[in-house]
Amino acid sequence: MTVPSIRTALSGSISPGTPVTVEGWVRTRRDSKAGFSFITVSDGSCHHPIQVVAPAELQNYREQIQKLTSGCSVRCSGELVESRGRGQAYEIQARAVEVLGWVSDPDTYPIQPKQHSYEFLRDVAHLRPRTNTFGAITRVRHAAAQAIHRYFDEHGYCWINTPIITASDAEGAGHMFRVSTLDAVNPPLTDNGNADFSKDFFGRETFLTVSGQLNVEGYCLAMSKVYTFGPTFRAENSNTTRHLAEFWMVEPEIAFADLTDLADLAEDFLKYIFRFVLENCAEDMVFFEKHIEQDARTRLQALIDSDFVRIDYAEAIDILAASGKKFEFKPEWGLDLQTEHERFLTEQHFGAPVIVGNYPVEIKAFYMRLNDDQKTVAALDVLAPGIGEIIGGSQREERLDVLQKRMTEMGLDQHTYNWYLDLRRYGTVPHAGFGLGFERLISYITGMSNIRDVIPYPRVPGRADF
RNA sequence: UCCCCGGUAGCUCAGCUGGUUAGAGCGGGUGACUGUUAAUCACUAGGUCGUUGGUUCGAAUCCGACCCGGGGAGCCA
């Protein structure tokens, strides 16, 4: 007796008549007076549940099988047979249905075979993977993660696990979560009356990382092609459909590379992931197309087939100014692009992903490379329709003197970043990298409009349930 | 943090220009029927209308405060 996944059982690779056992959770049960019940069972391995035909002759038919409700866990053994009904090619003619776990109160079991609101499902985040939608999201998320690792592996990158606890604050990416073992109520105090972090676990003030970039640059200037893929934390009070306090970020960093190389990487990389997901999650993508976003697949395919638009920030400003469109904020050189501007460019003007490059130096981080015009830095954002900024990156400032000057201008403590400056003192090379928000990528692929629905247990201001 | 919108049964929602016992569908229970497939049909149970003050003879309905949720903006990935 084999115990295949439901995916395997339905794949056609097992010949009819083979004895099999499937294990999973009941979606629905329908009784027939002709003397049997239909039980649809799902195990997460694929979109479709398998139909189990349980005959009334089974010894626990009246006592147990007829009392199965949504959510019960079962182990069903029998023969895999070609289905006599429509809707599935194969089903299981059961010889035994063992109930592993009952639903103690079917009346209040939250997951019903019906449409639920996403808001409600967020309140039952531990049970929502049992729904069609979240099963599909979970499989796509997994496939995308696999695609990322594969892409980098095939292209000679090393995966670098940068630290989650960091001492460098003010990395320029927003507020950080403090990591401390000090007594929160009565911390040891300095003479000034402030908390004395020299008595803390690490002997200094520490935080959760907002980016692995600075650390990974060290490995880049040794291994040439590297990337990080791990959790990232931002203590921003952001309440939007595209921000999380805890999210996963992918940060490739390449040596001997400039902004054009980086843009090439971003485009090739995204296309690879989309191709991989379309091929490996075809069934789930059809589901998204049917129920979440009508052009979920065609949108990805069009993107794979097309060249990304590449423009400079200055051109973007010109296009916006010449559009004749009334923006709430007037586009003006020197100011950052507003969400409405980004949306106009990617959704209306180009109708495609747009890579915007070379932003004014004043609005970008200290480590971005100063261009020869002294006015702009070699930074880029990849804007995607419906999501906005999905990637942000730059060529890094590799010249020690220029970097030090910028740090001074921005009031950064060079002592803290001494190790980072070492990378410019000892064998510096041009290098570049970007950050890709993994959940934004999943949002884009699936068409799920709220980022809280593409991560298993979302952390946002005021909520850290589960 | 700011600006809008919302909170009525386990879920999705109607009721909201104040007026008797608060409704439907799904889900649950019972029964009928059927190789069914988010089955169908009948019956049935289930609600301190987010909380708290106020206005009123009377509040789910009007007003204030608070709590929670959603959307948009900013910050950004």
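Model, not experiment: these values are computed from the prediction. In the text below, chain A, chain B and the rest are named by the order of the sequence lines, each starting its count at 1.
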*Asks:* OP1 or OP2 of G72(B) less than 4.0 angstrom from a side-chain nitrogen or oxygen of T241(A), does that happen here?
*Replies:* yes

*Asks:* Quick check for you: among C76(B), U34(B), U1(B), whose closest atom lies nearest to any side-chain atom of D336(A)?
*Replies:* C76(B)

*Asks:* What do you reckon, do Y109(A) and the base of G27(B) stack, with centroid distance below 5.5 Å and planes below 30°?
*Replies:* no

*Asks:* For atom CD of Q294(A), is the number of surrounding heavy atoms from other residues, nucleotides or ligands below 6.0 Å larger than 12?
*Replies:* no

*Asks:* Looking only at atom C1', what distance separates U52(B) and A59(B), rounded to whole Å?
*Replies:* 14 Å

*Asks:* Rounded to the nearest Å, what distance is computed from the CD atom of residue E340(A) to the C1' atom of nucleotide C3(B)?
*Replies:* 15 Å

*Asks:* Give F120(A) one of three labels, base, sugar-phosphate or nothing, depending on what nucleic acid heavy atoms sit under 4.0 Å from its own.
*Replies:* sugar-phosphate

*Asks:* Rounding to an integer number of angstrom, what distance separates G28(B) and A39(B) when you compare their P atoms?
*Replies:* 9 Å

*Asks:* Measure the distance from CG on L337(A) to C1' on A77(B) and round it to the nearest whole Å.
*Replies:* 16 Å

*Asks:* So what does L244(A) touch, heavy atoms closer than 4.0 Å: a base, only the sugar-phosphate, or nothing?
*Replies:* base

*Asks:* With sugar-phosphate meaning primed atoms plus P, OP1 and OP2, does E246(A) contact a base, only sugar-phosphate, or nothing at under 4.0 Å between heavy atoms?
*Replies:* nothing

*Asks:* Within the 4.0 Å heavy-atom criterion, would you say I111(A) contacts the bases, only the backbone, or no part of the nucleic acid?
*Replies:* nothing

*Asks:* Hey, would you say the F229(A) and F152(A) ring centroids sit under 6.0 Å apart?
*Replies:* no

*Asks:* Toward the 5' end of RNA chain B, which comes first, L68(A) or E119(A), by nearest nucleotide?
*Replies:* L68(A)

*Asks:* At under 4.0 Å between heavy atoms, what does T240(A) touch on the DNA or RNA strands: base, sugar-phosphate, or nothing?
*Replies:* base

*Asks:* I'd like the C1' distance from G74(B) over to G18(B), given in whole Å.
*Replies:* 41 Å

*Asks:* I want to verify a distance call: between G35(B), U36(B), C75(B), whose nearest atom is closest to the F36(A) side chain?
*Replies:* G35(B)

*Asks:* Measure up the F366(A) and Y420(A) rings against each other and bin them: parallel (under 30°), tilted (30 to 60°), perpendicular (over 60°).
*Replies:* perpendicular

*Asks:* Is the F287(A) ring parallel, tilted or perpendicular to the H291(A) ring (thresholds 30°, 60°)?
*Replies:* tilted

*Asks:* Reading nucleotides 41-50 of chain B 5' to 3', which nucleotides get B (base under 4.0 Å from a protein heavy atom), which S (sugar-phosphate only), which -?
*Replies:* ----------

*Asks:* So, are D453(A) and R128(A) salt-bridged, with charged N and O less than 4.0 Å apart?
*Replies:* yes

*Asks:* Is it the case that C68(B) (base atoms only) and R463(A) (side chain only) share a donor and an acceptor within less than 3.5 Å, ignoring hydrogens and angles?
*Replies:* no

*Asks:* Please check if the number of heavy atoms outside R7(A) that lie under 6.0 Å from its CZ is greater than 12.
*Replies:* no

*Asks:* Enumerate the protein-to-nucleotides 24-26 of chain B contacts in which both atoms are nitrogen or oxygen and the separation is below 3.5 Å.
*Replies:*
unit_1, atom_1, unit_2, atom_2, d
G25(B), N2, K114(A), NZ, 3.2

*Asks:* Looking only at side-chain N and O atoms, does R242(A) come under 4.0 Å of OP1 or OP2 in A73(B)?
*Replies:* yes

*Asks:* Taking only side-chain nitrogens and oxygens of T28(A), does any of them come within less than 4.0 Å of OP1 or OP2 of A39(B)?
*Replies:* yes

*Asks:* Test for a donor-acceptor pair under 3.5 Å between the base of C75(B) and the side chain of H175(A), counting only N and O atoms.
*Replies:* no

*Asks:* Would you kindly check whether a donor in the side chain of N239(A) faces an acceptor in the base of U1(B), or vice versa, at under 3.5 angstrom?
*Replies:* yes

*Asks:* Looking only at the side chain of T108(A) (C-beta and beyond, no hydrogens), which of the listed nucleotides G10(B), A39(B), A73(B) gets closest?
*Replies:* G10(B)

*Asks:* Taking N and O atoms by type only, does the side chain of E236(A) place a donor or acceptor under 3.5 Å from a partner on the base of U1(B)?
*Replies:* no

*Asks:* Closest to the T339(A) side chain: C76(B), G69(B), C75(B)?
*Replies:* C76(B)

*Asks:* Checking all strands, does R29(A) fall into the base, sugar-phosphate, or nothing category for heavy-atom contacts under 4.0 angstrom?
*Replies:* nothing

*Asks:* If you write RNA chain B from 5' to 3' in dot-bracket form, with Watson-Crick or G-U pairs under 3.5 Å, [ ] for crossing pairs and | for pairs with another strand, what do you get?
*Replies:* (((((((..((((.....[...)))).(((((.......))))).....(((((..]....))))))))))))....

*Asks:* Does G392(A) reach a base, just sugar-phosphate, or nothing at all? Heavy atoms under 4.0 Å.
*Replies:* sugar-phosphate

*Asks:* Nearest to the P106(A) side chain among G70(B), G28(B), U36(B), which nucleotide is it?
*Replies:* G28(B)

*Asks:* Between G71(B), G35(B), A73(B), spot the one nearest the side chain of N450(A), thanks.
*Replies:* G71(B)

*Asks:* In residues 5-14 of chain A, what residues come within less than 4.0 Å of RNA chain B, judged by heavy atoms?
*Replies:* none

*Asks:* Do R150(A) and Y272(A) meet the cation-pi criteria used here (NZ or CZ under 6.0 Å from the six-membered ring centre, within 45° of the axis)?
*Replies:* no

*Asks:* Under 4.0 Å between a side-chain N/O of S32(A) and OP1 or OP2 of U36(B), yes or no?
*Replies:* no

*Asks:* Closest heavy-atom contact between P385(A) and Y444(A)?
*Replies:* O-CE1, 3.3 Å

*Asks:* Over 60° means perpendicular and under 30° means parallel, so classify the ring planes of F233(A) and F177(A), tilted if in between.
*Replies:* perpendicular

*Asks:* Closest approach to the side chain of T69(A), judged atom by atom: which nucleotide of U36(B), G29(B), C75(B) is it?
*Replies:* G29(B)

*Asks:* Roughly how far apart, to the nearest Å, are C68(B) and U8(B) at atom C1'?
*Replies:* 16 Å

*Asks:* Using a cut-off of strictly less than 4.0 Å, decide whether R122(A) has a side-chain nitrogen or oxygen near OP1 or OP2 of G70(B).
*Replies:* yes

*Asks:* P atom, C66(B) versus G23(B): distance in rounded Å?
*Replies:* 34 Å

*Asks:* Does a salt bridge link R141(A) with D284(A), judged by any charged N lying under 4.0 Å from a carboxylate O?
*Replies:* no

*Asks:* Could you tell me whether the side chain of H116(A) has a donor or acceptor atom within less than 3.5 Å of a complementary atom in the base of C11(B)?
*Replies:* no

*Asks:* What is the distance, to the nearest angstrom, from the CG atom on L436(A) to the C1' atom on C76(B)?
*Replies:* 13 Å

*Asks:* Please work out whether the ring planes of Y157(A) and Y227(A) are parallel, tilted or perpendicular, with thresholds of 30° and 60°.
*Replies:* perpendicular

*Asks:* Assess whether one donor atom and one acceptor atom, taken from the side chain of S238(A) and the base of C76(B), lie less than 3.5 Å apart.
*Replies:* no

*Asks:* Which value, in whole Å, describes the distance between the C1' atoms of nucleotides U34(B) and C11(B)?
*Replies:* 27 Å

*Asks:* Which word best sums up how the rings of F269(A) and F434(A) line up, parallel for under 30°, tilted for 30 to 60°, or perpendicular for over 60°?
*Replies:* tilted

*Asks:* For RNA chain B, find the residues of residues 124-135 of chain A with a heavy-atom distance under 4.0 Å and give them by number; none if there aren't any.
*Replies:* none

*Asks:* Considering only the P atoms, how many Å lie between U30(B) and U20(B), rounded to the nearest integer?
*Replies:* 36 Å

*Asks:* Return the residues of residues 40-58 of chain A meeting this criterion: a heavy atom under 4.0 Å from some atom of RNA chain B. Order them by number, or give none.
*Replies:* Q51(A), V53(A)

*Asks:* Could E253(A) and R396(A) be called an ion pair, given the rule that one side-chain N must be under 4.0 Å from one carboxylate O?
*Replies:* yes

*Asks:* For Q88(A), answer base if it contacts any base atom (sugar-phosphate contacts may also be present), sugar-phosphate if it contacts only those atoms, and nothing otherwise; contact means non-hydrogen atoms under 4.0 Å.
*Replies:* base

*Asks:* Look at R440(A) and C76(B) and indicate whether a side-chain polar atom (N or O) is within less than 4.0 Å of OP1 or OP2.
*Replies:* no

*Asks:* Does R27(A) contact A38(B) through a side-chain donor or acceptor facing the base, at a distance under 3.5 Å?
*Replies:* no

*Asks:* Take atom CZ in R30(A); do more than 12 heavy atoms of anything else shown fall under 6.0 Å from it?
*Replies:* yes

*Asks:* Taking atom P of U1(B) as reference, at what distance in whole Å does atom NE2 of H243(A) sit?
*Replies:* 16 Å

*Asks:* In whole angstrom, give me the gap between the P atoms of U48(B) and G71(B).
*Replies:* 29 Å

